[in-house]
Amino acid sequence: MIVTTRALFDVAYGRFALGAYNINNMEQTLGLFEGHMRARAPFIIQISRGARKYAGVKMLEHIIRAAEEKYPEAVFAVHLDHGDEQTCYDCIESGFYSSVMIDASHEPFEENVAITRRVVERAHAKGLSVEAELGMLGGVEEDIEVDEKHARLTDPDEARTFVERTGCDSLAVAIGASHGAYKFSGSQGIHFDRVAEIRKRLPGFPLVMHGSSSVPAEEVARINAAGGALDPSAKGVDANDFAKAVPLGVTKVNIDTDGRLVWMRVHREHFRDHPENFDFRKPGRALIDAYAAFIAHKSGKLRSAGRLDEVRQALERSDAVPA
Ligand code: G3H
Ligand code: 13P
Ligand code: ZN
């Protein structure tokens, strides 16, 4: 069942985080639903502009609708990841999305406020909620690359002013992580002190953590043992940190790179071990199973595992209209 992002946030805030995963194809989608059913967890499906270009807008919509039918117990929202203004409007008008992210974080503050405000007005008129971003994560997202020197943590006072002026429903905050496989070196990690300061100024307001893949060392080692060439110093967010971030208002946790690593490991190992195979369904099946196991594991770390029944009951009690 596709529900509003707002309804999921209302149940989750301060108690658990919703995993938000990017999808691009059928195998990933099947693994995503299968894993969440195993964990009995609610979740958010994210679609990037890159995914819309790759698979096609309608193809993604129909894959998700088919999965919704195949897994009638699943409770999830559909969200545009890192949208520009026009893509936000396209998604708002499409009637398919639960929420959009307008990412104008690379613009000067006033311009970010103005763009976000325009998107919020259009989205709220149609019942969708809006995630905005303030501060700059390092790494690559869509066509924009932010080098580590220019990455900038979210300023807590600016965050409060930004939310007040834009009316956005959740805020992606830059708190140390970055997109991709190379987030930290040495003992670097999430700046919890900064999240706590933001929360003090925005109590009860959902915060979003982008760049939350863990890039497990064992996964990198397996990929490299099967012919990959990832830098073995690749390092991500400690998945045990999700539980520390939840009481600080982090309600949505974006994960994409880790899923790509599962894809890479499964395929490299498969073709290393079965060089004669030319049936794509064999690695495809292995990917769906491995992806489901990965999702179930993450749901435990996010504390969203086992929440499905309580989320369903809360949705029935509230008047949260399915999106
Ligand atoms: O932050 C971006 C996500 O990892 C999506 O990546 O734009 O290559 O689909 P993508
Ligand atoms: P990762 O690159 O850490 O998976 O982050 C994904 C993300 O933030 C998508 O918006
Ligand atoms: Zn992101």
Side-chain angles (χ1 to χ4, degrees), residues 5 17-25 28-29 32 43-57 59-60 63 77-84 87-88 91 97 99-106 130-146 148 151-154 170-184 188-190 206-217 219-220 223 230-231 234-239 241-242 245 250-265 291 294-295 297-298 301-302:
T5 304
L18 293 145
Y21 302 91
N22 294 72
I23 62 133
N24 291 269
N25 66 18
Q28 240 182 342
T29 309
L32 185 73
F43 59 102
I44 296 176
I45 295 183
Q46 310 205 116
I47 300 176
S48 71
R49 278 178 290 150
R52 286 164 63 88
K53 236 183 272 165
Y54 171 69
V57 171
M59 184 58 76
L60 288 174
I63 288 173
V78 180
H79 176 77
L80 169 69
D81 189 29
H82 292 286
D84 56 14
T87 312
C88 284
C91 293
Y97 286 71
S99 51
V100 293
M101 176 190 188
I102 173 67
D103 182 359
S105 58
H106 45 280
V130 176
E131 174 183 332
E133 180 169 331
L134 185 66
M136 268 202 221
L137 282 78
V140 182
E141 67 195 32
E142 297 285 353
D143 44 356
I144 297 164
E145 189 165 344
V146 182
E148 298 306 322
R152 194 170 58 80
L153 297 190
T154 304
S170 62
L171 188 67
V173 286
I175 48 176
S178 58
H179 293 104
Y182 307 102
K183 303 181 194 298
F184 303 123
Q188 287 172 333
I190 296 297
L207 304 177
V208 180
M209 213 163 101
H210 282 243
S212 303
S213 281
S214 299
V215 196
E219 193 78 324
V220 172
I223 289 168
L230 293 176
D231 179 343
K235 194 165 169 228
V237 175
D238 181 344
D241 282 354
F242 301 156
V250 171
T251 315
K252 173 171 175 278
V253 168
N254 284 16
I255 298 171
D256 186 25
T257 296
D258 279 349
R260 295 178 182 205
L261 295 180
V262 172
W263 174 87
M264 200 173 174
R265 184 244 302 164
Y291 204 85
F294 151 76
I295 291 288
H297 173 76
K298 289 283 188 205
K301 298 290 182 187
L302 293 161

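All values reported here derive from a predicted model rather than from experimental measurement. Ligands are counted one by one from 1 in listed order, and the atoms in each one are counted from 1 as well.
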Student: Output the atom name for the N/O/S atom of His210 with the smallest distance to the Zn ion (ligand 3).
Tutor: ND1
Student: Does Val215 offer a backbone N or O that forms a donor-acceptor pair with the side chain of Asp258 under 3.5 Å?
Tutor: yes
Student: Do any N/O atoms on Ser48 end up under 3.5 angstrom from N/O atoms on ligand 1?
Tutor: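 Yes: some nitrogen or oxygen of Ser48 is under 3.5 Å from one in ligand 1.
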Student: Can you tell which of Ser213, Ser214, Ser212 makes a side chain to side chain contact (heavy atoms under 4.5 Å, CB included) with Lys183?
Tutor: Ser213
Student: For Lys53, which part has a heavy atom under 4.0 Å from ligand 1: side chain, backbone, both, or neither?
Tutor: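 Looking at Lys53 and ligand 1, no heavy atom falls under 4.0 Å.
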Student: Using modelled atom types and a 3.5 Å cut-off, is there a donor and acceptor pairing between side-chain atoms of Arg49 and backbone atoms of Gly83?
Tutor: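 Side chain of Arg49 to backbone of Gly83, a donor-acceptor pair under 3.5 Å: no, none is there.
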Student: Report, in ascending order of atom number, the atoms of ligand 2 lying under 4.0 Å from any heavy atom of His210.
Tutor: 8 (O), 10 (O)
Student: Would you say Asn24 and ligand 1 have an N/O pair spaced under 3.5 Å apart?
Tutor: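 The answer is no, given that Asn24 and ligand 1 share no N or O pair closer than 3.5 Å.
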Student: Looking only at protein heavy atoms, which one is nearest to atom 9 (C) of ligand 2, and how far off is it?
Tutor: Asp81 OD2, 3.3 Å
Student: Please list the nearest protein heavy atom to atom 3 (O) of ligand 2 with its residue and the distance rounded to 0.1 Å.
Tutor: Lys183 NZ, 2.5 Å
Student: Using only atom types and a distance under 3.5 Å, with no angle test, would you say the side chain of Glu133 pairs donor to acceptor with the backbone of His210?
Tutor: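 Flag not set: sc Glu133 to bb His210 has no pair under 3.5 Å.
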Student: Can you name the atoms of ligand 2, numbered from 1 with element, that are less than 4.0 Å from a heavy atom of Asn254?
Tutor: 5 (O), 6 (C), 7 (C), 8 (O), 9 (C), 10 (O)
Student: Among protein heavy atoms, which sits nearest to atom 7 (C) of ligand 2, and what does the distance come to when rounded to 0.1 Å?
Tutor: His179 CD2, 3.3 Å
Student: Relative to ligand 2, is Ser48 under 4.0 angstrom through side chain, backbone, both or neither, heavy atoms considered?
Tutor: neither
Student: So which protein heavy atom does atom 8 (O) of ligand 2 come closest to, and at what separation?
Tutor: Gly211 N, 2.9 Å
Student: To the nearest 0.1 Å, how far is atom 2 (O) of ligand 2 from its closest protein heavy atom, and which atom is that?
Tutor: Thr257 OG1, 2.6 Å
